[in-house]
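First the structure, in the form of structure tokens, and then the observations on it.
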Amino acid sequence: MPELPEVETVVSDLNQKIKGDTIVDFWSEWPKALKNISLSSFKKTIKNRKILGVRRIGKNIFIDLSGKKTLYIHLKMTGHLLIKEKNNSSAFFKDRVNQYIRHKFFLGKDKIMEFSDVRKFAKIVLDSTEKINNLKEIKALGIDAMSLDFNFKKFDEILNKKPQIKIGILIMDQNVIAGIGNIYRSEILFDAEILPTKKSVDIRTAERKKLFASIKKILKLAIKMRGTSDSDYRDTRGAPGNFQKVLKVYRKDKLPCPKCDGKIERGVLAQRAVFYCVKCQK
DNA sequence: AGTTGTGTTGAAGA
DNA sequence: ATCTTCAACACAAC
């Protein structure tokens with residue numbers, strides 16, 4: 001479930017831990033994850049590149065390398081990056097979810113970035129920075145939900161553009177707003193007291209303002225808590241996040257609503273589970 | 001023990 | 001164009 005808060009946690013960890021390092025070798029047991037390049041050319045291309053910095057758009061991670069190359073990583077459902085150093089081990093690395101190491105990036109003499117991914121859905125692309133930035137899936141991305149440019153005016157315009165769409169689908173559409181996934185859409189809509197099935201045209205200005213505020217508020221809090229580890233997500237130390245401790249509706253169906261005397265219900269929207277309280281959300 | 005559901009996304013089909 | 005279904009894969013829960 002790496003969504004924006006989890007990816008933001010990883011990106012800031014990486015900027016602290018591996019910026020300035022040089023990739024000296026690469027190993028993979030699942031080369032199918034390399035989407036545009038063979039394992040041998042990947043190895044050849046990435047060797048001796050220095051890591052200049054790490055950034056993200058929505059859930060997409062970009063590791064900028066020397067020589068105008070960029071390593072583009074999408075963690076998909078179960079991917080996570082672990083930074084292991086010779087004299088700095090974490091007990092969390094022993095956890096079951098950290099055992100599915102599919103790829104290893106060797107950094108200098110005694111540091112390794114290991115890529116654990118149970119379900120093998122994650123993707124890795126290595127190309128020139130320009131080509132990566134111009135990939136169709138990258139260019140198609142909507143505005144990042146935590147970007148300062150994502151303001152209320154823009155959000156209002158987005159809703160006006162798609163009047164008939166259900167809001168629970170809209171806010172999760174990466175090509176409209178990048179970063180919100182299945183967990184946070186339920187949490188955000190519960191916080192904003194809006195039903196996921198409500199059409200954007202039926203959401204008035206006051207409610208739109210509340211919803212916009214909830215997006216920023218929930219994501220900001222989740223970043224502060226280093227994300228949600230409902231199952232497989234871990235940070236670069238292999239440690240879980242903390243937001244699962246404060247989830248209010250996600251996977252809480254049949255449990256009492258935290259705000260009223262009703263019960264949380266589970267529905268399906270665009271083939272994905274969605275959780276809400278019919279009494280609190282209108 | 002076999003079936004079902006799972007956080008993501010893109011391609012294929014309608 | 002826009003929507004729905006399915007596939008990529010492995011595992012836990014039922």
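Chain A is the first sequence line, chain B the second, and so forth, proteins listed ahead of strands; every chain is numbered from 1.
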For [X], which contact category applies under a 4.0 Å heavy-atom criterion: base, sugar-phosphate, or nothing?
X        : value
A/Ala273 : sugar-phosphate
A/Asn182 : sugar-phosphate
A/Lys136 : sugar-phosphate
A/Tyr184 : nothing
A/Tyr233 : nothing
A/Gln271 : base
A/Asp117 : nothing

Using whole Å, report how far [atom1] of [X] lies from [atom2] of [N].
X        : N      : atom1 : atom2 : result
A/Arg251 : B/dG5  : CZ    : P     : 12 Å
A/Asn60  : B/dT8  : CG    : P     : 12 Å
A/Lys123 : B/dT8  : NZ    : C1'   : 10 Å
A/Lys35  : B/dT8  : NZ    : P     : 17 Å
A/Ile57  : B/dT8  : CD1   : C1'   : 17 Å
A/Lys139 : B/dG10 : NZ    : C1'   : 18 Å
A/Arg272 : B/dG10 : CZ    : C1'   : 13 Å
A/Asp173 : B/dT8  : CG    : C1'   : 13 Å

Report yes if a side-chain nitrogen or oxygen of [X] is closer than 4.0 Å to either non-bridging phosphate oxygen (OP1 or OP2) of [N]; otherwise report no.
X        : N     : answer
A/Lys59  : B/dT9 : yes
A/His74  : B/dT9 : yes
A/Lys76  : B/dT6 : no
A/Arg266 : B/dT6 : yes

### Query
Any side-chain heavy atom of A/Glu207 within less than 4.5 Å of one from A/Ile194?
yes
### Task
Report yes if the distance between the aromatic ring centroids of A/Phe26 and A/Phe42 is under 6.0 Å, otherwise no.
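When the ring centroids of A/Phe26 and A/Phe42 are compared, they turn out to be within the sub-6.0 Å range.
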### Task
For the residue pair A/Phe155 and A/Phe212, categorise the inter-ring angle as parallel (less than 30°), tilted (30 to 60°) or perpendicular (more than 60°).
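Taking A/Phe212 first and then A/Phe155, their aromatic rings sit tilted (interplane angle of 30° to 60°).
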### Whichever of A/Ile169 and A/Trp30 has its nearest DNA chain C nucleotide further upstream toward 5'
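Here A/Ile169 is the residue nearer the 5' end.
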### Query
If we ignore angles and hydrogens, is there a donor and acceptor under 3.5 Å between the side chains of A/Thr236 and A/Lys17?
yes
#### Entry: Distance-only polar pair, side chains of A/Ser214 and A/Asp191, donor-acceptor under 3.5 Å
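Side chains of A/Ser214 and A/Asp191: pair found under 3.5 Å.
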Within 6.0 Å of [atom1] in [X], more than 12 heavy atoms from elsewhere:
X        : atom1 : answer
A/Lys259 : NZ    : yes
A/Lys131 : NZ    : no
A/Lys166 : NZ    : no
A/Lys35  : NZ    : yes

### Summary
With a 4.0 Å cut-off (strictly under) to non-hydrogen atoms of chain A, the first and last hit nts on DNA chain C, 5' to 3', are C/dT4 to C/dA12
### Message
Measuring only the P atom in each nucleotide, how far is B/dA1 from C/dC9? A whole number of Å is fine.
### Response
26 Å
### Query
Taking atom P in both C/dC11 and B/dT9, what distance in whole Å separates the two?
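Per the computed distance, 22 Å lies between those P atoms.
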### Message
Suppose we call a contact any N or O donor and acceptor under 3.5 Å apart; does that hold for the side chain of A/Arg119 and the base of B/dT6?
### Response
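By the distance-only test, yes, there is a pair.
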#### Entry: Watson-Crick or G-U counterpart of C/dA7, or none if no pair lies under 3.5 Å
B/dT9
